[in-house]
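Working notes for the structure below.
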Amino acid sequence: METSDLLRHQIINNLMAQHTEKVADAAINLWEQMSTQIIAIVGEVNFDSLYVRSVFHTRIIFPGIAAGALPPQADQRFAGLKMSLEKQTPAQASEANRLLLINFTDILSSLIGEQLTTHILRSAWGIDAPDKADDEKLLSGHPMEFRNE
């Protein structure tokens, strides 16, 4: 794997490690923040297609993740995901969401590139612009501080 790919995955892993309670709420918050950024670039239809494809891949390991078409109302986009995550233990919900985020960003990265994908994630989740020291901390497993807005 490329270093930037590992960095993107480490960002996701660190975010998931920060949310050990109310996992479903935290997961939906991450998805809503990310979707706002990505929809602005690719549009709702394309975002929804990427999301549905990611759910399909994630269901191989976590069959309890919500499947099917997304609701037409944007404010209900992740209602099925939230219900699916609430039915699982916090550890299972966290791992399922982590894999779903990784699958989604892997697909996105293959379409728009690694650097842009990582930039979008940092912007969406309030992670300051990278510098070498921050990247090294992530890659070595040391947690970084993330802004909550």
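We use all heavy atoms of the structure for the numbers below, so side chains are in, but hydrogens, waters and symmetry mates are not.
Pairing each heavy atom of D128 with each of R122, the nearest pair is O-NH1, 3.3 Å. Closest heavy-atom contact between A96 and I65: CB-CD1, 3.7 Å. For A124 against M34, the heavy-atom pair with the smallest separation is CB-CA, 3.7 Å. Contact between R59 and G64 at its shortest, heavy atoms only, is NH1-C, 4.5 Å. Scanning all heavy atoms of the two residues, the minimum distance from A66 to S84 falls at N-OG, 2.8 Å.
Residues E95 and I61 fail the side-chain proximity criterion, which asks for heavy atoms closer than 4.5 Å. Counting heavy atoms from C-beta on, the side chains of L85 and V23 never come closer than 4.5 Å. Side-chain contact between R77 and E44 is present, with at least one heavy-atom pair separated by less than 4.5 Å. The side-chain heavy atoms of L121 and Q37, taken from C-beta on, include no pair separated by under 4.5 Å. Here the side chains of N46 and L111 are not in contact, with every heavy-atom distance at 4.5 Å or above. Proximity of L101 to W31: side-chain heavy atoms (C-beta onward) are separated by under 4.5 Å at one or more points. I120 has its side chain within reach of I112: a pair of non-hydrogen atoms, C-beta onward, lies under 4.5 Å apart. Here the side chains of S35 and Y51 are not in contact, with every heavy-atom distance at 4.5 Å or above.
Summarising the geometry, atom OG1 belonging to T117 is positioned 4.0 Å from atom CG belonging to L108; distances are rounded to the nearest 0.5 Å. From R8, atom CZ reaches atom OG1 of T105 across 4.0 Å, with rounding to the nearest 0.5 Å. Between the CG atom in N13 and the CD atom in Q18 there is a gap of 11.5 Å [rounded to 0.5 Å]. L15 contributes atom CG, which lies 12.5 Å from atom CZ of R98 (distance to the nearest 0.5 angstrom). For the atom pair CD (E32) and CD1 (I28), the distance works out to 6.5 Å, reported to the nearest 0.5 Å. Here the CG atom belonging to N14 is positioned 13.0 Å from the NE2 atom belonging to H9, to the nearest 0.5 angstrom.
T118 places no side-chain N or O within 3.5 Å of a backbone atom of Q115 that could act as its donor or acceptor partner. In this structure, W125 contributes its side chain and L30 its backbone to a donor-acceptor pair below 3.5 Å. Within the 3.5 Å criterion, the main-chain N or O of P90 finds no donor-acceptor partner in the side chain of S94.
No path of Ile, Leu, Val, Met, Phe, Trp and Tyr side chains, each step under 4.5 Å between heavy atoms, connects I38 with F56, placing them in separate hydrophobic clusters. Tracing side-chain contacts under 4.5 Å through hydrophobic residues (I, L, V, M, F, W, Y), one never reaches F62 starting from M83; they form parts of separate clusters.
Environment of NE2 in H119: sparse, with no more than 12 heavy atoms of neighbouring residues, nucleotides or ligands closer than 6.0 Å.
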| task | Please assess K82 against D25 for the test side-chain contact (heavy atoms from CB on, under 4.5 Å), listing each intermediate value before the final yes or no. | result | CA-CA 7 Å; K82 184 174 183 179; D25 290 336; 2.9 Å; yes
